[in-house]
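Take a look at the structure below.
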Amino acid sequence: MTIDTFDGTGVKPPHWDLDNVVAALRVSREATHNIRHQRRIRELPSREALTTIVNGLSAVLFPTHYGRPNLTDESIDYFVGDTLNTTLNRLTEQVRRGLQFAEGADVADDALTAQAHEITRAFAASLPDIRALLVSDVQAAYAGDPAATSIAEIMLCYPGTIAILHYRLAHRLHQLGSPFIARMICDISHSLTGIDIHPAARIGGSFFIDHGTGVVIGETAILGERVRLYQHVTLGAKRFPADESGMLIKGTPRHPIVEDDVVIYAGATILGRITIGAGSTIGGNVWLTQSVPPNSNVTQALMRSD
């Protein structure tokens, strides 16, 4: 005899047929629709861990802004050293996990661990240079925005500053051979700020993104010194070349080159491997697919007249 059980409301609990559903999901996961890298990797990098790592690196680079407000001249170096040591150990593990997805990464775990240590060591050595670039970016924001009242305001309240900080860290990791982790760090920034910068893009110092929401900078874009972007600017690709089998060819230069001292106003869309000459101004909502010489002033009216 079957005895039905009821919860406190007098309603019979539902029967989900869990055994059959779980079994079918296993078949899909392990056989029919297996999408694991090399059909074996289960240990993925952690977004939560990377968020903690970026917060730790931010505190190391700017202790009183992103670390602890009560630090003193006596305690600050101890705080930086302790935080850096903990953060680099965490980073090494995430880099190791990310290296499993590199091309030709079917190597022993010991080799991956050693490679992760080398990447992290080189990354740590570059932190003073990264900080110098970030300081130039913050100074450019302060100089370029009449609404800015202090450096602290820029560092704590400007989404562009947060996005650039994430990008600078991620770009260095990308250069050192950890592209998966770099991409995840930039995606975390995208979620926080609405600004999407590919970590492989090359961006010079004194970079300023004002307001920032909706800015997109593609993988092969190159930006010079003292470039300023406003919200909803896209530096994208015009077309995607494919090989004989129809697969997209990856890594080809397909995004714009923006030279020094260029200002690009809100809503402008710049596509393809074109060059925006130094000192140029691109007006709001312009759609641009051709190069312009230095010191150009491109507006919607000008584009319509063409």
Side-chain angles (χ1 to χ4, degrees), residues 133-134 136-146 154 158-161 163-168 170-172 174-175 186 189-190 193-241 248-306:
L133 277 172
L134 289 168
S136 78
D137 300 327
V138 171
Q139 290 173 334
Y142 184 72
D145 185 3
I154 289 166
Y158 280 45
T161 299
I164 294 168
L165 190 157
H166 280 70
Y167 158 76
R168 298 284 187 204
H171 179 67
R172 185 57 180 148
H174 194 282
Q175 286 180 315
C186 280
S189 172
H190 185 195
T193 67
I195 298 168
D196 185 3
I197 308 176
H198 195 287
R202 292 157 51 190
I203 302 176
S206 300
F207 180 46
F208 177 33
I209 304 176
D210 200 356
H211 305 296
T213 304
V215 166
V216 177
I217 302 175
E219 176 190 16
T220 63
I222 300 174
L223 282 67
E225 303 282 329
R226 299 172 299 279
V227 171
R228 186 194 311 175
L229 308 181
Y230 287 81
Q231 66 270 25
H232 295 290
V233 166
T234 297
L235 304 179
K238 183 179 180 182
R239 59 177 60 90
F240 303 96
L248 294 181
I249 300 172
K250 299 182 182 296
T252 57
R254 60 194 183 278
H255 299 99
I257 298 171
V258 180
E259 294 184 342
D260 297 346
D261 301 300
V262 169
V263 179
I264 306 177
Y265 282 98
T269 299
I270 302 173
L271 303 180
R273 193 57 160 189
I274 64 175
T275 299
I276 308 302
S280 294
T281 298
I282 310 300
N285 297 314
V286 164
W287 179 280
L288 189 60
T289 59
Q290 59 191 23
S291 295
V292 297
N295 301 310
S296 297
N297 189 359
V298 181
T299 65
Q300 274 191 302
L302 177 62
M303 298 307 294
R304 284 196 296 268
S305 68
D306 290 341

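By convention here, the first residue in the shown sequence is residue 1.
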In Å, rounded to the nearest 0.5 Å, how long is the span from OG1 of Thr289 to CG of Leu271? 7.0 Å

What pairs with Asp210 under side-chain hydrogen bond (donor to acceptor under 3.5 Å, both in side chains), at least two apart in sequence or on another chain? none

Just to verify, what does Tyr167 make a ring pair (Phe, Tyr, Trp, His ring centres under 6.0 Å) with, not counting sequence neighbours? His171

Ala140: what forms a side chain to side chain contact (heavy atoms under 4.5 Å, CB included) with it, not counting sequence neighbours? Ser206, Phe208

If the condition is side chain to side chain contact (heavy atoms under 4.5 Å, CB included), which residues does Ser296 pass it with, not counting sequence neighbours? Ser280, Val292, Pro293, Val298

Could you give the distance from CD (Glu259) to CG (Asn295), rounded to the nearest 0.5 Å? 10.0 Å

Of all heavy-atom pairs linking Ala163 and Ile197, the shortest is O-CD1, 4.4 Å

Distance-minimising heavy-atom pair for Gln300 and Gly284: CG-O, 3.5 Å

Using side-chain heavy atoms (C-beta onward) and a distance below 4.5 Å, is Leu288 in contact with Ile276? yes

With sequence neighbours left out, write down each residue that passes side-chain hydrogen bond (donor to acceptor under 3.5 Å, both in side chains) with His198, or none if nothing qualifies. Arg183

Is there a side-chain contact between Ile282 and Val263, using heavy atoms and a 4.5 Å cut-off? no

Evaluate Ile209 against Ile195 for side-chain contact (heavy atoms from CB on, under 4.5 Å), listing each step before the verdict. CA-CA 9 Å; Ile209 304 176; Ile195 298 168; 4.1 Å; yes

According to salt bridge (Lys or Arg N to Asp or Glu O under 4.0 Å), does anything in residues 272-297 pair up with another residue at least two apart or in another chain? List the pairs. none

When rounded to the nearest 0.5 Å, the distance separating CD1 of Ile164 from NE2 of His166 is 12.5 Å

Value for CD (Glu219) from CZ (Arg202), rounded to nearest 0.5 Å, stands at 12.0 Å

Qualifying salt bridge (Lys or Arg N to Asp or Glu O under 4.0 Å) pairs, either residue in residues 274-290, two or more places apart: none

For residues Thr234 and Val215, determine if any side-chain heavy atom of one lies less than 4.5 Å from a side-chain heavy atom of the other. no

Sequence neighbours left out, cut at 3.5 Å: what donor-acceptor pairs do the side chains of residues 220-231 make with other protein atoms?
from   : atom 1 : to     : atom 2 : distance (Å)
Thr220 : OG1    : Arg254 : N      : 3.0
Thr220 : OG1    : His255 : N      : 3.1
Thr220 : OG1    : His255 : ND1    : 2.7
Glu225 : OE1    : Gly205 : N      : 3.2
Glu225 : OE2    : Gly205 : N      : 3.4
Arg226 : NE     : Asp261 : OD1    : 2.6
Arg226 : NH2    : Asp261 : OD2    : 3.2
Arg228 : NH1    : Tyr230 : OH     : 3.2

For the residue pair Val258 and Leu235, establish whether any side-chain heavy-atom pair is separated by less than 4.5 Å. yes

Checking Thr161 now: which residues fulfil side chain to side chain contact (heavy atoms under 4.5 Å, CB included) with it, not counting sequence neighbours? Tyr66, Val138, Ile154, Tyr158

I want to check something: taking the side chain as every heavy atom from C-beta on, are Ile217 and Ile203 in contact at a cut-off of under 4.5 Å? yes

